[in-house]
2 protein chains.
Amino acid sequence: MLESEAVVPCCPPLTERTLTAAEAERTAAMFKALSDPVRLRLFSAVASAPGGEACVCDISDVGVSQPTVSHHLKKLKEAGLLASERRGTWVYYRVEPSVLAGMGRLLTGAAPA
Amino acid sequence: MLESEAVVPCCPPLTERTLTAAEAERTAAMFKALSDPVRLRLFSAVASAPGGEACVCDISDVGVSQPTVSHHLKKLKEAGLLASERRGTWVYYRVEPSVLAGMGRLLTGAAPA
DNA sequence: GTGTTGGTTCGATGTGTGTCAACATAAATG
DNA sequence: CATTTATGTTGACACACATCGAACCAACAC
């Protein structure tokens, strides 16, 4: 199981040149992780949570069963977008810091302020 | 056929709050359009082309059959990421201007320089 | 008109994926 | 130990999707 193999320092901005097949493969994997409505809601719930992290119990109200939530969180983790840590009873997820900036740079070709 | 219905002024940054179901649906559709390696190569080919546009004949060398290229370009168009125009013999695709900035803002929460 | 080149649409097919119910694991609590 | 609560995993199923060849349309040349 290959998890969170550095997805950030991956590829040039989309406006720079045509991506190679390998670059496209890696970049597509990140977009694919965010291409499902449920995953997107889960991700934004974590990303917007105070402290940058949230326990599953706080974000699992997205209209699907709990196993499905777990499945989607796993996918986000495999894509390198989220990291998880168990603290006692609950499991907390947080956003991998550099990921958002990296994907933003991919689209805009510039670092945000 | 609903094409390019304003996708840009759609949704708040992912870090702001948990997206609503409707917001997640719309945002996921844009990410999904970029979640395929072939589409990503086609999109970057158009986005990086001089003048911001390219004819199909210039970008269709991505390792799949030409009908498949056409299929993917159609999807990108339906997602509001590309626009097409026929000029004589050839069909030209160009990037919808505000889309990249809009998606970048979605991820970083800030406008690029 | 016929022919040729560029592009899209149409079926068909195989693979991928989102979903849930059922089961399994992990930690706290009694 | 048994029980309860919180997550994760497995297996199965239905639907979506990427791909192709073949048929089709659009513009140009003859």
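Residue numbering restarts at 1 for every chain, and letters A, B, ... go by the order of the sequence lines. What you are looking at is a predicted structure, and each value in this text was computed from that prediction instead of being measured.
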Residues passing the side chain to side chain contact (heavy atoms under 4.5 Å, CB included) test with S48(A), sequence neighbours excluded, are T18(B)

Remember a base hit wins even if backbone is also touched, and classify [X] as base, sugar-phosphate or nothing at under 4.0 Å, heavy atoms.
{"X": "H72(A)", "result": "sugar-phosphate"}
{"X": "V38(B)", "result": "sugar-phosphate"}
{"X": "Y93(A)", "result": "sugar-phosphate"}

For [X] and [N], give me the distance from atom [atom1] to atom [atom2], rounded to whole Å.
{"X": "E85(A)", "N": "dG8(D)", "atom1": "CD", "atom2": "C1'", "value": "17 Å"}
{"X": "R41(B)", "N": "dA18(D)", "atom1": "CZ", "atom2": "P", "value": "16 Å"}
{"X": "R87(B)", "N": "dG7(C)", "atom1": "CZ", "atom2": "C1'", "value": "16 Å"}
{"X": "L34(B)", "N": "dC17(D)", "atom1": "CG", "atom2": "P", "value": "15 Å"}
{"X": "D36(B)", "N": "dA16(D)", "atom1": "CG", "atom2": "P", "value": "18 Å"}
{"X": "L76(B)", "N": "dC17(D)", "atom1": "CG", "atom2": "C1'", "value": "14 Å"}
{"X": "K75(A)", "N": "dT10(D)", "atom1": "NZ", "atom2": "C1'", "value": "15 Å"}
{"X": "H71(A)", "N": "dG11(D)", "atom1": "NE2", "atom2": "C1'", "value": "13 Å"}

Hydrophobic cluster identity match, [X] and [Y], side-chain contacts under 4.5 Å:
{"X": "V91(B)", "Y": "L42(B)", "result": "yes"}
{"X": "V64(B)", "Y": "Y93(B)", "result": "yes"}
{"X": "L76(B)", "Y": "V69(B)", "result": "yes"}

Regarding the side chain of K74(B), the nearest nucleotide among dA27(D), dT9(C), dT17(C) is dT9(C)

Against the side chain of R39(A), the closest entry in dT9(D), dA27(C), dG18(C) is dG18(C)

Locate the shortest heavy-atom distance separating [X] from [Y]; write the atom from each residue and the value.
{"X": "L81(A)", "Y": "M30(A)", "answer": "CD1-O, 4.3 Å"}
{"X": "S44(A)", "Y": "R17(B)", "answer": "CB-O, 3.6 Å"}
{"X": "L40(B)", "Y": "A28(A)", "answer": "CD2-N, 3.3 Å"}

Phosphate OP1/OP2 of [N]: any [X] side-chain N/O under 4.0 Å:
{"X": "K32(B)", "N": "dC17(D)", "result": "yes"}
{"X": "T68(A)", "N": "dT19(C)", "result": "no"}
{"X": "K77(A)", "N": "dG8(D)", "result": "no"}
{"X": "W90(A)", "N": "dT7(D)", "result": "yes"}

On DNA chain C, more 5' by nearest nucleotide between T89(A) and V91(B) is V91(B)

Basic-acidic side-chain contact under 4.0 Å: R41(B), E23(A):
no

Within residues 53-67 of chain B, the residues having a heavy atom closer than 4.0 Å to DNA chain D are V64(B), S65(B), P67(B)

